[in-house]
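Step one of this worksheet: look at the structure below.
Model, not experiment: these values are computed from the prediction.
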Amino acid sequence: MGRAAALLILVAALAAWFEAARHLHPLSVWQDVALVGIVLMPAFFALSWLALPLRENRMLPVAAVVLVAAAVVFGALHLNVLSNFAKFAALTSLGWLFLQLFEGLYLAVVIALVVPWIDAYSVWRGPTRAITDHHPAIFTKLSIAFVVPSSPPARLGLPDVLFFSVFLAASARFELRPFWTWFGMCVGLGITIALTTYWSTGGLPALPAISLGFLLPNADLIWKRLRLELETRHNADVAIDRPPDD
């Protein structure tokens with residue numbers, strides 16, 4: 001089965017689930033956690049995996065603008081399922097566009113090392129905490145919903161989707177391990193959901209798990225690629241500085 005066919009089937013299956021879940025008997029808390037962490041989140045992010053070849057399509061900027069507009073319109077019309085998919089696709093496209101600005105792998109690594117600290121501060125003491133505590137309706141609009149039977153959905157912030165797409169695309173562009181990157185980030189998100197429930201917190205930062213999911217499966221290759229990039233830059237600088245032959 002081709003990626004396009006698999007993508008369409010998965011979108012249809014997720015859309016059907018979103019519509020059917022509200023009619024099903026509610027599950028226990030930990031059953032909801034397992035459903036979200038093991039099934040729904042990996043299934044949703046499998047859309048990113050299947051669509052990954054589109055990251056270099058020349059029409060990507062246009063698609064990103066259209067998807068952002070669609071997300072806004074669907075949200076305004078309260079078409080929640082369509083809005084959910086449009087937001088996810090828009091943030092995935094924007095993440096791929098962001099990656100195109102990177103000169104080398106080192107920028108992706110720097111971001112993976114820095115953004116978890118920013119995210120942790122935002123969730124515990126910063127803007128994210130203020131929004132979730134005092135303006136939950138705004139967080140609803142700025143998040144992706146993972147619907148569980150007859151219960152409030154689990155939610156993941158839009159920046160988390162953005163950086164998931166950045167790191168997944170980086171693993172492909174810089175010839176790392178795309179599948180294990182996807183797998184590692186999905187596992188990290190599942191653990192984050194479980195810890196949030198176990199500790200009964202209002203939410204935990206997701207970017208630390210996403211960053212580790214990118215860095216850990218690729219650590220050896222990242223080291224080799226970074227050394228190669230540094231050597232290439234050094235050789236280029238030496239060639240520039242060397243006086244011309246007489």
Side-chain angles (χ1 to χ4, degrees), residues 1-15 17 36-68 70-71 82 84-112 115 144 146 156-190 192 206-207 209-222 224-226 229:
M1 180 188 301
R3 280 180 178 254
L7 184 66
L8 291 175
I9 291 171
L10 185 54
V11 168
L14 286 169
W17 167 258
V36 172
I38 299 174
V39 179
L40 296 180
M41 276 190 176
F44 231 95
F45 283 108
L47 299 176
S48 299
W49 168 261
L50 291 170
L52 197 55
L54 298 176
R55 72 188 186 279
E56 296 178 343
N57 191 291
R58 65 180 181 177
M59 295 300 293
L60 184 62
V62 176
V65 171
V66 171
L67 289 167
V68 170
L82 292 176
N84 212 48
F85 282 105
K87 285 188 287 186
F88 184 86
L91 267 295
T92 299
S93 300
L94 291 173
W96 292 345
L97 287 174
F98 182 44
L99 180 67
Q100 292 179 3
L101 302 176
F102 291 17
E103 294 180 356
L105 175 60
Y106 71 96
L107 284 175
V109 174
V110 169
I111 288 174
V115 294
I144 301 296
F146 300 91
L156 187 66
L158 298 185
D160 304 321
V161 178
L162 176 77
F163 284 106
F164 191 107
S165 69
V166 168
F167 295 142
L168 180 60
S171 69
R173 174 181 169 183
F174 299 111
E175 298 180 343
L176 303 177
R177 298 184 177 100
F179 173 78
W180 291 110
T181 300
W182 173 86
F183 182 81
M185 291 191 293
C186 287
V187 169
L189 287 172
T192 301
L207 284 181
I210 291 174
S211 295
L212 286 175
F214 167 64
L215 293 171
L216 292 181
N218 299 302
D220 59 325
L221 293 180
I222 287 174
K224 292 177 181 177
R225 299 288 189 276
L226 291 181
E229 286 185 9

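- Aromatic pair Phe102/Phe98: ring centres closer than 6.0 Å.
- In this structure, OG on Ser171 lies 7.0 Å from CG on Leu52, to the nearest 0.5 angstrom.
- With values rounded to the nearest 0.5 angstrom, Met185 atom CE is found 10.5 Å from Leu215 atom CG.
- Under the salt bridge (charged side-chain N to carboxylate O under 4.0 Å, His left out) criterion, no residue pair touches residues 43-58, with sequence neighbours excluded.
- The two residues Ala209 and Thr192 have their closest heavy-atom pair at CB-OG1, 3.4 Å.
- Residues Ala170 and Leu176 approach most closely at O-CD1, 4.4 Å, considering heavy atoms.
- Looking only at side-chain heavy atoms (C-beta outward), Ile111 and Val166 stay at 4.5 Å or farther from each other.
- Scanning all heavy atoms of the two residues, the minimum distance from Phe214 to Ala112 falls at CD2-CB, 3.9 Å.
- Applying the salt bridge (charged side-chain N to carboxylate O under 4.0 Å, His left out) test to residues at least two apart or on different chains, the pairs with a partner in residues 177-190 are Arg177-Asp220.
- Under the rule for a side-chain contact (heavy atoms from CB on, under 4.5 Å), the partners of Ala89 that lie at least two apart in sequence or sit in another chain are Leu67.
- Evaluation of the side-chain contact (heavy atoms from CB on, under 4.5 Å) rule for Leu162 yields Leu91, Leu94 as partners, not counting sequence neighbours.
- Minimum heavy-atom separation, Asp160 to Ile210: O-CD1, 3.5 Å.
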With a 3.5 Å cut-off and sequence neighbours excluded, list the donor-acceptor pairs that the side chains of residues 37-50 form with protein atoms.
none

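- Between the CD1 atom of Ile222 and the OH atom of Tyr106 there is a distance of 15.0 Å, given to the nearest 0.5 Å.
- Contact of the Asn57 side chain with the Trp96 side chain is not registered, since no non-hydrogen atoms from C-beta on lie closer than 4.5 Å.
- Residues Trp182 and Phe164 have side chains in contact (heavy-atom distance under 4.5 Å, counting atoms from C-beta outward).
- Residues satisfying the side chain to side chain donor-acceptor pair (under 3.5 Å) criterion with Asn218, sequence neighbours excluded, are Thr181.
- No side-chain donor-acceptor contact under 3.5 Å links Arg225 to the backbone of Leu105.
- At a threshold of 4.5 Å between non-hydrogen side-chain atoms, the residues Asn84 and Leu14 do not count as touching.
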